[in-house]
Participant: 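Below you'll find the structure I mean.
This one's a predicted model, so the numbers in the text were calculated from it and none came from an experiment.
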Amino acid sequence: MRLTILGGGGFRVPLVYGALLGDRAEGRVSHVTLYDEDPARLTAMARVLRDQAAAAPAVDAPEVTVTTDLDEALRGADFVFSAIRVGGLEGRAADERIALAEGVLGQETVGAGGIAYGLRTVPVARAIARRIARTAPDAWVINFTNPAGLVTEAMAEELGDRVIGICDSPVGLGRRIARLLGARPQEAWIDYVGLNHLGWVRGLRIGGRDELPRLLADTEALESFEEGRLFGAEWLRSLGAIPNEYLHYYYFNRDTVRAYQEAGQTRGAFLRDQQRGFYAEAGRAGTPPGAALAAWDRTRAEREATYMAENREAAGAPEREESDLESGGYEQVALALMRAIARDERTTLILNVPNRSTLSVLDAEAVIEVPCLVDANGAHPVGVAPLPLHAVGLVTAVKAVEREVLAAATSGSRADAVKAFALHPLVDSVGVARRLLDGYAAEHPGLGYLR
């Protein structure tokens, strides 16, 4: 099989390649094409992957080629993994800074920052989807480009069910809960439902029995893992569910905004500076064997240790524990998804897919994040119980915002874009929405289409 990675110079590409090195079954990926607009990032990433392959000499490593030509990258692809970042980390840092100046959250996928990111990403994602439909019509597309649910819905306009969105947050959350309950994650059924970065674990069945109430009753166990420390046992018991970590931005918004404003540097600015150093080191001419991979490992460890640091500060939570520093597992989700489709190895995964009739409060095309049965014909959402009213409010409000982003990207209408900002639960004023759009349009040339 041939895999093309769009955004092939991106920092997380070695996670995907490492997962492929561990796959020794028949019909596995034999060739990986890295596509990126930045040749220097491609050079650095190719060196990291070369070091990974050399460190696994007993493995028949997939061949790697690099290109800055999108059509060349797509031709002959069986799977296309989309992990682009429109505007780069410089754009993310600006998204955060402009929002915080208005006193609202600027996180990359949540609130004003997520809207700005979506407005400049959706037109690019749609154009890529059209190129895939023309150049590799039989390819399956796995989308990890953020905001993942919104971008998957945009690409589905061209690709239908052949584009599937993935995220590592539900995977990591389900894994942590299962282990606390003494079960192997692969043996547990996770009742998870919502949108990307806006979902809840409402049950976890082991041997047909829901064990989540047992966890919710145990304060010590609840506050022993990442989400429990973020939200606190009392709030989790009030909800009767375990929220995705990103819901901390909603439930503790003022605390989080204050922590972000008081931080010396936003997350985007930290990653921008950190990765600038990594790419310079890994891409340097004459880099000895193994040095690029070592630099990547050091950078990734620091990145994981500082993840959501401001949220933990706002919650009074300690630093992340060793068990929380593992990769969230999106590369394993991607590999399992490819296996299920290519080999008809049926499995169940939490994915971003069209709603169809799963949640009655949303229309059929709305992309949601739920457990899916996956086979050679793609991903099929599993029926779930209705959302409680408090969750309905958040899910429908945020989906309405996503639809305004899609409308603005189609119409080029400034009014649609302002509406997207103003309707978001974390933006509290139409006036603020207008100033946000003005600030983002002045900063990002990619928003020049709005008028």
Participant: Got a donor-acceptor contact below 3.5 angstrom from the Arg28 side chain to the Asp23 backbone?
Facilitator: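 At least one qualifying donor-acceptor pair exists.
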Participant: Pair Asn244, Glu369 - check side chain to side chain donor-acceptor pair (under 3.5 Å), show working.
Facilitator: CA-CA 11 Å; Asn244 183 297; Glu369 192 168 73; 4.6 Å; no
Participant: Do Arg267 and Arg92 have side-chain heavy atoms sitting under 4.5 Å apart?
Facilitator: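 Heavy-atom side-chain distance check passes, below 4.5 Å.
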Participant: Apply the test side-chain contact (heavy atoms from CB on, under 4.5 Å) to residues Phe231 and Ile242: give CA-CA distance (whole Å), side-chain angles for both, the deciding distance (0.1 Å), then the verdict.
Facilitator: CA-CA 9 Å; Phe231 294 102; Ile242 311 294; 5.9 Å; no
Participant: On a heavy-atom basis, which atom in Leu119 and which in Ala408 lie closest, and how many Å separate them?
Facilitator: CD2-CB, 3.8 Å
Participant: Rounded at 0.5 Å granularity, tell me how far CG in Leu15 sits from CD in Gln52.
Facilitator: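 Rounded to the nearest 0.5 Å, the CG-CD separation comes to 8.0 Å.
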Participant: Could you check whether any side-chain heavy atom of Val29 comes within less than 4.5 Å of a side-chain heavy atom of Val16, counting everything from C-beta outward?
Facilitator: no
Participant: Indicate the atoms forming the closest heavy-atom contact of Cys372 with Val353, along with that distance.
Facilitator: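 Between these two residues, the closest heavy atoms are SG-CG2, 3.6 Å.
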Participant: Parallel under 30°, tilted from 30 to 60°, perpendicular over 60°: which one fits the rings of Phe11 and Phe278?
Facilitator: perpendicular
Participant: Got a second to check how far Thr67's OG1 is from Tyr35's OH, nearest 0.5 Å?
Facilitator: 8.0 Å
Participant: Considering all heavy atoms of both residues, which atom of Val122 and which atom of Ala154 are nearest to each other, and what is their separation?
Facilitator: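 It is CG1-CB, 4.0 Å.
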Participant: Do any N or O atoms from the side chain of Glu345 and from the backbone of Arg339 form a donor-acceptor pair under 3.5 angstrom?
Facilitator: no
Participant: How about CD on Glu72, more than 12 heavy atoms from neighbouring residues, nucleotides or ligands closer than 6.0 Å, or not?
Facilitator: yes
Participant: Roughly how far, to the nearest 0.5 Å, is CG of Leu3 from CE of Met338?
Facilitator: 5.0 Å
Participant: Is there a side-chain contact between Tyr250 and Leu105 in this structure, where contact means two heavy atoms from C-beta onward sitting under 4.5 Å apart?
Facilitator: no
Participant: Return the CD to CH2 distance between Glu281 and Trp296, rounded to the nearest 0.5 Å.
Facilitator: 14.0 Å
Participant: Salt bridge or not for Glu153 and Arg403, using N-O below 4.0 Å?
Facilitator: yes
Participant: Whether the side chain of Thr145 engages the backbone of Ser82 through a donor-acceptor N/O pair (distance < 3.5 Å, no angle test) should be reported.
Facilitator: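 Yes, the answer is positive, given that a donor and an acceptor are paired below the 3.5 Å cut-off.
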Participant: State, with a plain yes or no, whether a side-chain heavy atom of Asp168 is found less than 4.5 Å away from one of Phe144.
Facilitator: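 They are in contact (side-chain heavy atoms under 4.5 Å apart), so the answer is yes.
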Participant: Count the heavy atoms belonging to other residues, nucleotides or ligands that lie under 6.0 Å from CZ of Arg434, then report whether that count exceeds 12.
Facilitator: no
Participant: In the structure I gave you, are the side-chain heavy atoms of Leu247 and Leu198 within less than 4.5 Å of one another anywhere?
Facilitator: yes
Participant: In Å, rounded to the nearest 0.5 Å, how long is the span from OG of Ser30 to CE of Met1?
Facilitator: 8.0 Å
Participant: Is there a donor-acceptor pair under 3.5 Å between the side chain of Asp344 and the backbone N or O of Ala376?
Facilitator: yes
Participant: Donor-acceptor pair, Asp95 side chain versus Ala116 backbone, under 3.5 Å?
Facilitator: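 Judged by distance alone, no pair lies under 3.5 Å.
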Participant: Return yes if some donor-acceptor pair links the side-chain N/O of Arg120 with the main-chain N/O of Val86 below 3.5 Å, else return no.
Facilitator: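 Checked: pair present.
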Participant: Just one of Lys419, Arg414, Lys399 clears the salt bridge (charged side-chain N to carboxylate O under 4.0 Å, His left out) bar with Glu404, so which one?
Facilitator: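 Checked Lys419, Arg414, Lys399 against Glu404; only one passes salt bridge (charged side-chain N to carboxylate O under 4.0 Å, His left out): Lys419.
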Participant: Grab the two heavy atoms, one from Val13 and one from Gly8, that are nearest each other, plus how far apart they are.
Facilitator: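 Minimum heavy-atom contact is CG2-O, 3.5 Å.
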Participant: Give, for atom OG1 of Thr68 and atom CG of Leu34, the distance between the pair rounded to the nearest 0.5 Å.
Facilitator: 12.0 Å
Participant: One thing to verify: whether Glu226 and Arg176 come together as a salt bridge, which I'm taking to mean a side-chain N less than 4.0 angstrom from a carboxylate O.
Facilitator: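 Looking at Arg176 and Glu226, the cut-off is not met.
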Participant: Between Tyr117 (side chain only) and Gly87 (backbone N and O only), is there a donor and an acceptor less than 3.5 Å apart?
Facilitator: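 No; judged by distance alone, with no hydrogens or angles, the pair does not exist.
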Participant: Any non-hydrogen side-chain atom of Tyr246 less than 4.5 Å from a side-chain atom of Thr109?
Facilitator: yes
Participant: May I ask you to decide if Glu158's main-chain N or O and Arg130's side chain share a donor-acceptor pair within less than 3.5 Å?
Facilitator: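 Not confirmed, Arg130 side chain does not pair with Glu158 backbone.
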Participant: Within the structure provided, determine whether Arg356 and His380 are in side-chain contact (heavy-atom separation under 4.5 Å).
Facilitator: yes
Participant: Might you work through the side-chain contact (heavy atoms from CB on, under 4.5 Å) test for Glu187 and Ile206, ending with a clear yes or no?
Facilitator: CA-CA 7 Å; Glu187 295 173 345; Ile206 303 168; 5.8 Å; no
Participant: When you measure from the side chain of Asp210 to the backbone N and O of Arg205, does any donor-acceptor pair fall under 3.5 Å?
Facilitator: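 Checked: no pair found.
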Participant: Donor-acceptor check, side chain of Arg346 to backbone of Leu373, threshold 3.5 angstrom: yes or no?
Facilitator: no
Participant: Minimum heavy-atom separation for Tyr279 to Ala44, with atom names?
Facilitator: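 Closest approach of Tyr279 to Ala44: CD2-CB, 3.8 Å.
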Participant: Taking all non-hydrogen atoms of both residues, which atom of Ala379 and which atom of Ile164 are closest, and how far apart?
Facilitator: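 So the two residues come closest at CB-CD1, 3.9 Å.
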Participant: Can you check side chain to side chain donor-acceptor pair (under 3.5 Å) on Thr152 and Asn352, steps first, answer last?
Facilitator: CA-CA 7 Å; Thr152 300; Asn352 287 269; 5.9 Å; no
Participant: May I have the step-by-step check of side-chain contact (heavy atoms from CB on, under 4.5 Å) for Leu337 and Trp140, ending in yes or no?
Facilitator: CA-CA 10 Å; Leu337 180 56; Trp140 287 87; over 6 Å; no
Participant: side-chain contact (heavy atoms from CB on, under 4.5 Å) for Phe225 and Ile177? Distances and angles first, verdict last.
Facilitator: CA-CA 8 Å; Phe225 70 108; Ile177 294 174; 4.3 Å; yes
Participant: Between Glu108 and Thr266, is any pair of side-chain heavy atoms under 4.5 Å apart?
Facilitator: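 Not touching, per the 4.5 Å side-chain cut-off.
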